[in-house]
Amino acid sequence: MNSDRMEQIVSLAKRRGFIWQGSDVYGGMRGTWDYGPLGVALKHKIMQEWWSFWVEERSDMYGVDAAIIMNPKVWQASGHVATFSDPLVEDLKTGERYRADHLLKDSGVNAEGLSNEQLTAKIKEYGVKSPNGNELSEVRNFNMMFQTNVGAVVNDNSVAYLRPETAQGIFTNYKNVVDSFYPDLPFGIAQQGKAFRNEISPRDFVFRSREFEQMEIEYFVNPNNWQQDFDSLLSSTYKFLTEKMGLNANDIHELDVPEEDRAHYSKKTIDIEFDYPIGREELMGIAYRTDFDLSNIARVSGKNMEYVDKNSKEKFIPHVIEPSFGVERLLMAILSTAYTEVQEDGKTRTYLKFPDNLAPISIIVAPLLKNKPALVEKAKEVYNQLRKKYNNVSLDMSGKIGKVYAKADEIGVPKVVVIDFDTIEKDGQVSVRNRDDASQIRQKADEI
Ligand code: ATP
């Protein structure tokens with residue numbers, strides 16, 4: 001783990017207004033994060049790129065935006081009420097709670113796919129203690145859904161949950177999409193939105209949060225063709241991660257999840273892992289979920305979920321392949337790919353090398369000095385001109401060019417345009433500084 005690099009990224013993200021601890025002013029709230037102006041711009045760009053790539057540019061995808069609070073039957077049918085849990089251990093002295101598999105992993109013991117009894121045995125075998133050095137309890141399940149009550153009466157019948165995944169809002173609308181749009185198989189339904197999990201120990205910056213954003217697709221297929229559709233979604237995922245999100249293929253790894261670690265209904269799951277500064281961890285996953293979800297809905301709701309093939313008139317419940325992305329984990333991969341330190345003139349220059357399509361600010365325009373009206377006027381004129389061509393152009397009137405460059409580097413602005421005396425007195429050309437190599441060229445503003 002490169003904790004130094006992680007700390008640098010977290011500190012830059014805070015200092016420059018990307019991401020702050022949630023409710024910071026009141027001492028914070030674990031597992032929650034607030035996005036500042038640059039963070040929200042980056043997050044929106046990630047989500048917009050995803051929506052364009054997976055929904056708008058394809059003819060086989062339908063978008064939905066379902067309610068966050070759903071009928072609790074959804075979570076009973078899906079198995080979440082009974083089994084959406086993580087293994088919990090307690091520090092026997094302080095009462096603090098931890099995830100048993102994480103404590104084992106931190107002690108170098110592989111805990112993938114173990115039952116609670118096996119985890120307890122491993123903790124004993126390796127003498128694993130709590131981070132405070134105390135003995136640990138037996139391992140038990142802890143359900144991660146946030147519970148609430150809907151309506152004015154608080155009783156067992158008013159219990160509802162904040163959704164722990166966006167996927168069920170897709171499954172519950174499968175029939176609506178089929179009835180309104182008559183899509184041919186295979187087709188997908190996509191949704192982006194908040195998900196909530198009461199993680200036992202949120203950690204690693206936004207990587208494991210209690211409130212986060214998912215982007216999920218349920219791709220409905222004929223079971224005879226599942227492998228082909230799975231491979232096609234996997235290859236699109238690589239294309240998206242490398243071409244749209246600018247991640248390096250070398251940092252992306254496929255983990256073909258072994259049967260004993262997969263959900264019982266899944267015939268194949270690939271976790272896409274990424275080399276984060278915190279280590280190699282899950283970025284997203286693609287799972288072949290068979291007809292598990294639609295069959296459960298049919299069973300519990302009594303509604304028919306069968307698809308009728310338009311040619312053969314064959315009736316069957318489609319199978320599903322689910323690519324599931326987490327925005328925060330993508331954002332962390334993008335930040336850690338972009339974070340660059342170079343030695344220049346005996347000093348360290350730090351910059352975020354965002355791909356152009358993701359940079360929260362595309363260009364900063366600045367006058368060389370702030371107290372020269374002609375420079376200021378020209379800067380405003382160039383700024384207005386560039387705004388017609390590019391989104392997110394910013395004007396910096398501080399007149400401190402060294403500082404403007406340093407800030408632009410740290411927030412990942414690809415180009416800084418400076419208006420100087422030559423611009424107004426000579427040739428109308430401006431200085432254009434390039435973030436990645438700090439080189440400067442002179443150019444007509446309307447040719448940028
Ligand atoms: P993990 O094993 O790391 O807890 P998971 O396998 O439970 O993750 P899924 O249920 O497959 O995750 O959720 C799909 C995606 O949602 C994950 O690949 C990840 O990108 C994102 N995600 C899940 N939990 C969190 C969280 N607590 N914070 C941020 N993103 C999350």
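In listed order, ligands and their atoms are each counted from 1.
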Assess whether a salt bridge exists between D409 and R16, defined as any Lys/Arg side-chain N lying under 4.0 Å from an Asp/Glu carboxylate O. no
N/O of E282 under 3.5 Å from N/O of ligand 1, yes or no? yes
For atom 14 (C) of ligand 1, what is the closest protein heavy atom, and at what distance to 0.1 Å? S324 OG, 2.9 Å
For atom 29 (C) of ligand 1, which protein heavy atom lies nearest, and how many Å away is it? F207 O, 3.1 Å
Looking only at heavy atoms of L283, does any of them come nearer than 4.0 Å to an atom of ligand 1? yes
Polar atom proximity, F325 to ligand 1 (N or O, under 3.5 Å): no
Under 3.5 Å between some N or O of ligand 1 and some N or O of Q214? yes
Pick from S209, A167, P323, A287: the one approaching atom 28 (N) of ligand 1 most closely through a non-hydrogen atom: S209
Using a 4.0 Å cutoff against the non-hydrogen atoms of G326, which atoms of ligand 1 qualify? 20 (O), 21 (C)
May I ask you to check whether H80 and Y161 place their ring centers less than 6.0 Å from one another? no
Looking at R203 and D106, is there a salt bridge between them, counting it only when a charged N and a carboxylate O are closer than 4.0 Å? yes
If you have a sec, work out which protein heavy atom is nearest atom 4 (O) of ligand 1 and how many Å separate them, to one decimal? R208 NH1, 2.8 Å
Quick one, K194 with E211, criterion salt bridge (Lys or Arg N to Asp or Glu O under 4.0 Å). Give me CA distance, side-chain angles, the key distance, then yes/no. CA-CA 7 Å; K194 290 263 181 172; E211 174 178 340; 2.9 Å; yes
Among all protein heavy atoms, pick out the one at the shortest distance from atom 7 (O) of ligand 1; state its residue, atom name and that distance to 0.1 Å. R197 NH1, 3.2 Å
For F207, is the NZ or CZ atom of R329 found under 6.0 angstrom from the centre of its six-membered ring and inside 45 degrees of the ring axis? yes
Number the atoms of ligand 1 from 1 as they appear, then name those within less than 4.0 Å of a heavy atom of M284, with their elements. 18 (O)
Side chain to side chain contact (heavy atoms under 4.5 Å, CB included) assessment of V393 paired with V365: CA-CA 8 Å; V393 181; V365 180; 4.1 Å; yes
When distances are taken from atom 22 (N) of ligand 1, the protein heavy atom at minimum range is F212 CE1, 3.5 Å
Between Y288 and H319, is the gap from one ring center to the other below 6.0 Å? yes
Heavy-atom closest pair, residues Y35 and V40: CB-N, 3.9 Å
